**Q** 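Pasting in a structure now, in structure tokens, and then I'll have a few things to ask.
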Amino acid sequence: MIDDGAVEPIFDDGPEENSPVISGVTSSAPDRSGQSPTLEVRNLHRFFGRLKAVNKVSFKAYPGQVMGFIGPNGAGKTTTMRILATLESPTAGDAFICGDSVVDYPDRVRKRLGFMPDAFGKYPNMNVVEYLDFFARAYGFKGQRRKDAIEHVLVFTELRKLAEKPINTLSKGMSQRLGLGRTLIHDPEVLILDEPAAGLDPRARVELRELIHLLASELKKTVLISSHILTELGEICDSAVIIEAGEILASGSIQDLLTLRRQSSGRQSHASIEMTLIQAGAELEKWLVQQPFVSDVSISQQAASFEFEGTQEDQHNLLKSLVNEGFPVIEFRGKVESLEDAFMDLTRGLTQ
């Protein structure tokens, strides 16, 4: 049960501070002129002895933006997120949440930021509403304001029917919803989500993705999210930062990263083509390898795939030639480039 016991606020507002904005590479991103970033990482370093866990990291994000933070294990993602959440101090550099320095004004940052770690503790003998009530009190919420905040989170995360359920009996999907609810209890402007979809079943992942989309598109939250499920990130993110061995390799809109991928490989136009045929064979393979723009041909009994460097008009001409040559094509399709493709081409497989 939630009571109206008074809890003193734990935050002390310091003086206002204006933060300069770092210029970024987002040529195909929405025009954000006149907007200030709600999340800005500026030349951040975090060293552990000789290990440079985070080295010269800079990026920024804006209201309503979902930014993917991707990299292999040990790349520096969680360390960066912990610094943003004021749980760790940088060796050098700084980060800003809504203009407030995580170094100089950590209490102010905590009022405006919600951090969902990849794993969080479950206290024994505590149900869902008591768990949320605990964190609402920690943020200094009192009386009706605290009740309203808890009710809002229960409704938004669809946990209202589980309000009295012990938290250590929740499924993985419901536990992740509760973790998100805890992150949202004080209505932060910036959300840092570290592997929120890890271990979820397909339905739970879709539902979580819909919640994140709603938070950004309707409530204009800034969301920084890390995940190893890159196909999923590509569906919910409008931009991404790729980090490896503690350093940023690329950042920008998803389309910018795909363009950078093509440029880094010397490809101005590129597609992976897949075909389904009534019958495929050596004759088709021999014909394809002789065609311009075609490489890496692979043939199976009723399918063929290859890389194609030409334009869409060149693709049309190739398909027309295939039909004219009498090859029994049923389906001819280009595989759309993905965030996963960009990640594989832009990273180098380095570890720290």
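These figures come from a predicted structure and were not determined experimentally.
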**Q** Among side-chain atoms of Gln65 and Ser239, is any donor-acceptor pair under 3.5 angstrom?
**A** yes
**Q** If you look at every heavy atom in Val102 and Leu84, which pair is closest and at what distance?
**A**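 Val102 and Leu84 have their closest heavy atoms at CG1-O, 3.8 Å.
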**Q** Nearest heavy-atom pair of Pro63 and Ser36: which atoms, and what distance?
**A**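 Where Pro63 meets Ser36 most closely, the heavy atoms are CD-O, 4.0 Å.
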**Q** Walk me through it: do Leu191 and Met116 pass the test side-chain contact (heavy atoms from CB on, under 4.5 Å)?
**A** CA-CA 8 Å; Leu191 300 175; Met116 181 178 174; over 6 Å; no
**Q** Under 4.5 Å between side-chain heavy atoms, counting indirect links through other Ile/Leu/Val/Met/Phe/Trp/Tyr residues: same cluster for Phe69 and Leu87 or not?
**A**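 Shared cluster, yes.
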**Q** Counting C-beta onward and ignoring hydrogens, is there a side-chain heavy-atom pair between Val323 and Phe332 closer than 4.5 Å?
**A** no
**Q** Look up atom CZ in Phe306 and atom CG in Leu284, then write down how far apart they are to the nearest 0.5 Å.
**A** 8.5 Å
**Q** Are Asp107 and Lys111 ion-paired here, with the side-chain N under 4.0 Å from a carboxylate O?
**A** no
**Q** Looking at Ser89, is its backbone amide N or carbonyl O close enough to the side chain of Arg46 to form a donor-acceptor pair, meaning the two atoms are under 3.5 Å apart?
**A**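 Yes: the side chain of Arg46 pairs with the backbone of Ser89.
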**Q** Side-chain heavy atoms nearer than 4.5 Å, only ILVMFWY residues, links allowed to pass through others: does that put Val155 and Leu159 together?
**A**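 No, Val155 and Leu159 fall in different hydrophobic clusters.
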**Q** In the structure I gave you, are the side-chain heavy atoms of Val153 and Phe135 within less than 4.5 Å of one another anywhere?
**A** no
**Q** Let's go through Val241 and Val57 carefully: what are the C-alpha distance in whole Å and the side-chain angles of both, what is the deciding distance for side-chain contact (heavy atoms from CB on, under 4.5 Å) to 0.1 Å, and is it a yes or a no?
**A** CA-CA 10 Å; Val241 174; Val57 167; over 6 Å; no
**Q** Can you tell me if Ser226 and Asp194 form a side-chain donor-acceptor pair at under 3.5 Å?
**A** yes
**Q** Counting distance only, does the side-chain N/O of Ser305 pair as donor-acceptor with the main-chain N or O of Glu274 below 3.5 Å?
**A** no
**Q** Do Met174 and Tyr123 sit in the same hydrophobic cluster, where Ile, Leu, Val, Met, Phe, Trp and Tyr count as joined when their side-chain heavy atoms come under 4.5 Å apart?
**A**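 Yes: a chain of side-chain contacts under 4.5 Å links Met174 to Tyr123.
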**Q** Show, in sequence, the C-alpha distance, side-chain angles and deciding distance for Leu193 and Leu180, and conclude whether the side-chain contact (heavy atoms from CB on, under 4.5 Å) test is met.
**A** CA-CA 8 Å; Leu193 311 180; Leu180 181 61; 4.2 Å; yes
**Q** Measure the shortest side-chain to side-chain distance between Arg177 and Glu207 over non-hydrogen atoms and say whether it is less than 4.5 angstrom.
**A** yes
**Q** Are the side chain of Thr86 and the backbone N or O of Pro106 linked by a donor-acceptor pair below 3.5 Å?
**A**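 A pair under 3.5 Å: no.
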**Q** By the ring-ring contact (aromatic ring centres under 6.0 Å, His included) test, which pairs, at least two apart or in different chains, include something from residues 168-207?
**A**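 Counting only pairs at least two positions apart or across chains, the ring-ring contact (aromatic ring centres under 6.0 Å, His included) contacts touching residues 168-207 are Tyr139-His186.
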**Q** How many angstroms lie between OG in Ser272 and CZ in Phe308, if you round to the nearest 0.5 Å?
**A** 12.0 Å
**Q** Rounded to the nearest 0.5 Å, how far apart are OG of Ser227 and CD1 of Ile236?
**A** 7.5 Å
**Q** Checking the side chain of Arg42 only, and the main-chain atoms of Asp94 only, is there a donor and an acceptor separated by less than 3.5 Å?
**A** no
**Q** Atom CZ in Phe134, atom CD1 in Ile150: separation rounded to 0.5 Å?
**A** 12.0 Å
**Q** Not counting sequence neighbours, list each pair that qualifies as a salt bridge (Lys or Arg N to Asp or Glu O under 4.0 Å) and has a residue in residues 217-228.
**A**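 Found Asp187-Lys221.
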**Q** Side chains of Asp118 and Lys77, heavy atoms from C-beta outward: is any pair under 4.5 Å?
**A**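 Asp118 vs Lys77: side chains apart.
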**Q** Examine Val206 and Leu214 and state if one hydrophobic cluster contains both, with Ile, Leu, Val, Met, Phe, Trp and Tyr joined whenever side-chain heavy atoms are less than 4.5 Å apart.
**A** no
**Q** Rounded to the nearest 0.5 Å, what separation is found between the CD atom of Glu189 and the CD1 atom of Ile97?
**A**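 Rounded to the nearest 0.5 Å, the CD-CD1 separation comes to 10.0 Å.
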**Q** Taking everything shown except Gln290 itself, do over 12 heavy atoms lie less than 6.0 Å from its CD?
**A**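 Atom CD in Gln290 is packed in, count exceeds 12.
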**Q** Determine whether a donor-acceptor pair (N or O, by modelled atom type, separation under 3.5 Å) exists between the side chain of Lys165 and the backbone of Leu170.
**A**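 Absent.
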**Q** So does Gly281 get a backbone contact from the side chain of Lys286, meaning a donor-acceptor N/O pair under 3.5 Å?
**A**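 No.
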**Q** Identify the heavy atoms of Leu154 and Arg160 that sit nearest to each other, and give their distance.
**A**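 Heavy atoms only, the tightest pair is CD1-NH2, 3.1 Å.
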**Q** Less than 4.5 Å apart, any side-chain heavy atom of Leu322 and any of Met275?
**A**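 The answer is yes; the side chains approach within 4.5 Å.
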**Q** Going by heavy atoms in the side chains, are Leu200 and Lys172 under 4.5 Å from each other?
**A**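 Side-chain contact under 4.5 Å: yes.
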**Q** What pair of heavy atoms forms the shortest contact from Pro117 to Arg182, and how long is it?
**A** CD-NH2, 3.3 Å
**Q** Hydrogens and angles aside, do Thr311 and Asp314 bring a side-chain donor and acceptor to less than 3.5 Å of each other?
**A**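 Distance-only check passes for Thr311 and Asp314.
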**Q** Determine whether a donor-acceptor pair (N or O, by modelled atom type, separation under 3.5 Å) exists between the side chain of Gln302 and the backbone of Gln279.
**A** no
**Q** Any Lys/Arg nitrogen of Asp148 or Arg145 sitting under 4.0 Å from an Asp/Glu carboxylate oxygen of the other?
**A**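 Salt bridge: no.
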**Q** Could you check whether any side-chain heavy atom of Ser321 comes within less than 4.5 Å of a side-chain heavy atom of Trp287, counting everything from C-beta outward?
**A**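 Yes - at least one pair of side-chain heavy atoms lies under 4.5 Å apart.
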**Q** Between His152 and Phe156, how do the two ring planes meet: parallel, tilted or perpendicular, split at 30° and 60°?
**A**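 His152 vs Phe156 ring planes: parallel.
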**Q** Indicate yes or no for a side-chain donor-acceptor contact from Gln176 to the backbone of Pro196 under 3.5 Å, with no hydrogens or angles considered.
**A** yes
**Q** Applying ring-ring contact (aromatic ring centres under 6.0 Å, His included), which residue pairs with at least one partner in residues 190-248 are found, sequence neighbours left out?
**A** none
**Q** State, to 0.1 Å, how close Asn55 and His45 come at their nearest heavy-atom pair, and which atoms those are.
**A** OD1-CD2, 3.3 Å
**Q** After noting the C-alpha distance and the side-chain angles of Arg146 and Asp133, does the key distance pass the side-chain contact (heavy atoms from CB on, under 4.5 Å) rule?
**A** CA-CA 7 Å; Arg146 187 171 73 247; Asp133 179 58; 2.8 Å; yes
**Q** If you count heavy atoms of other groups shown closer than 6.0 angstrom to CD of Glu331, is the number above 12?
**A**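 Buried by this count: over 12 neighbours within 6.0 Å.
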**Q** Which residue pairs satisfy the salt bridge (Lys or Arg N to Asp or Glu O under 4.0 Å) criterion with at least one member in residues 66-75, sequence neighbours excluded?
**A** none
**Q** My understanding is that only residues two or more places apart in sequence, or in another chain, count here; which of them pass side-chain contact (heavy atoms from CB on, under 4.5 Å) with Glu283?
**A** Phe327
**Q** About how many Å separate CZ of Phe293 and CG of Leu318, when rounded to the nearest 0.5 Å?
**A** 10.0 Å
**Q** Who pairs with Arg50 by side-chain contact (heavy atoms from CB on, under 4.5 Å), at least two apart in sequence or on another chain?
**A**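 For Arg50, no residue satisfies side-chain contact (heavy atoms from CB on, under 4.5 Å) once neighbours in sequence are set aside.
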**Q** Could you check Leu39, Thr183, Val223, Ile225 and say which one makes a side chain to side chain contact (heavy atoms under 4.5 Å, CB included) with Ile192?
**A**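 Exactly one option meets the side chain to side chain contact (heavy atoms under 4.5 Å, CB included) with Ile192, and it is Leu39.
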**Q** Can you check whether Val41 reaches Ser58 side chain to side chain, under 4.5 Å on heavy atoms?
**A** no
**Q** Would you say Asn324 has more than 12 foreign heavy atoms packed within less than 6.0 Å of its CG?
**A**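 More than 12 within 6.0 Å, yes.
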**Q** If you take all heavy atoms of Leu319 and Val329, which pair is closest and at what distance?
**A** CD1-CG1, 4.2 Å
**Q** Please check if the side chain of Arg205 supplies one atom and the backbone of Ala197 the other of a donor-acceptor pair under 3.5 Å.
**A** no
